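Accompanying notes for the structure given below.
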Amino acid sequence: METQNIEKKEIDQVMELDGSMMSILNETRKWTKFLSILGFIGIGVMLIGGIFAGSYLGSMTSNIPGGTPVPGALYSVIYVVMAIVYFFPVLFLFNFSNKM
């Protein structure tokens, strides 16, 4: 087998944006910033709700006759894990809007 040396040619690509494209990107930036801020607020509500839901739902399931008692801390852990998973896409969206 013969090895062939392939030379890589670097191609400089330049993207030119006109006024209408810039206005569309500016509108996108506004919406992504708005949605990311709503996402951060949602994460905060999810964390606060997880604390209260854990204690409330834990006490409710322990009072059900014949039901399996689920510790309230399990509900809190589930809400915190969901908030952590949700945090990273919202952070990337926020960074996108800032760099736009």
Side-chain angles (χ1 to χ4, degrees):
M1 294 178 123
E2 294 181 16
T3 58
Q4 297 177 354
N5 292 331
I6 300 173
E7 295 180 16
K8 294 183 180 179
K9 296 181 181 178
E10 293 184 19
I11 301 173
D12 293 328
Q13 295 180 352
V14 177
M15 181 182 291
E16 296 180 13
L17 301 174
D18 61 354
S20 65
M21 290 179 187
M22 290 298 289
S23 67
I24 291 171
L25 288 174
N26 188 32
E27 191 72 25
T28 303
R29 179 192 58 82
K30 291 176 187 177
W31 278 106
T32 55
K33 186 162 233 171
F34 173 71
L35 291 174
S36 64
I37 290 171
L38 283 181
F40 286 129
I41 292 171
I43 290 170
V45 169
M46 191 180 301
L47 289 173
I48 292 171
I51 293 169
F52 293 115
S55 62
Y56 180 71
L57 293 174
S59 66
M60 280 184 48
T61 57
S62 64
N63 294 333
I64 298 174
T68 59
V70 178
L74 180 65
Y75 292 111
S76 295
V77 168
I78 289 171
Y79 273 96
V80 168
V81 168
M82 285 174 33
I84 290 171
V85 169
Y86 187 52
F87 174 76
F88 292 106
V90 172
L91 179 65
F92 291 144
L93 186 65
F94 185 74
N95 288 338
F96 170 78
S97 65
N98 282 336
K99 292 178 183 178
M100 181 65 71

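Just so we're clear, the structure is a prediction, and the values are computed from it rather than from any experiment. Here, residue 1 is the first one in the sequence, and each next residue gets the next number.
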> What's the spacing between Thr32 OG1 and Phe92 CZ if we round to 0.5 Å?
Replying inline: 14.5 Å
> Going from CG on Leu47 to CE on Met82, what distance comes out if it is rounded to the nearest 0.5 angstrom?
Replying inline: 10.0 Å
> Shortest non-hydrogen contact from Ala83 to Met46?
Replying inline: N-SD, 3.5 Å
>> To the nearest 0.5 Å, what is the distance between CG on Asn26 and CZ on Arg29?
In response: 4.5 Å
> Among Ile84, Leu91, Val85, whose side-chain contact (heavy atoms from CB on, under 4.5 Å) with Phe87 holds?
Replying inline: Leu91
> Checking Ser36 side chain against Val90 main chain: does a donor-acceptor pair fall under 3.5 Å?
Replying inline: no
>> Side-chain heavy atoms under 4.5 Å apart, restricted to Ile/Leu/Val/Met/Phe/Trp/Tyr: what other residues fall into the cluster of Leu38, or is it alone?
In response: Trp31, Phe34, Leu35, Leu93
>> Measuring from atom CE of Met21 to atom CG of Leu25, what distance do you get when rounded to the nearest 0.5 angstrom?
In response: 8.5 Å
> Listed by chain and number, what are the ring pair (Phe, Tyr, Trp, His ring centres under 6.0 Å) partners of Phe94, not counting sequence neighbours?
Replying inline: Phe40
>> Is there a continuous path of hydrophobic side-chain contacts, each under 4.5 Å between heavy atoms, that joins Ile78 to Tyr86?
In response: yes
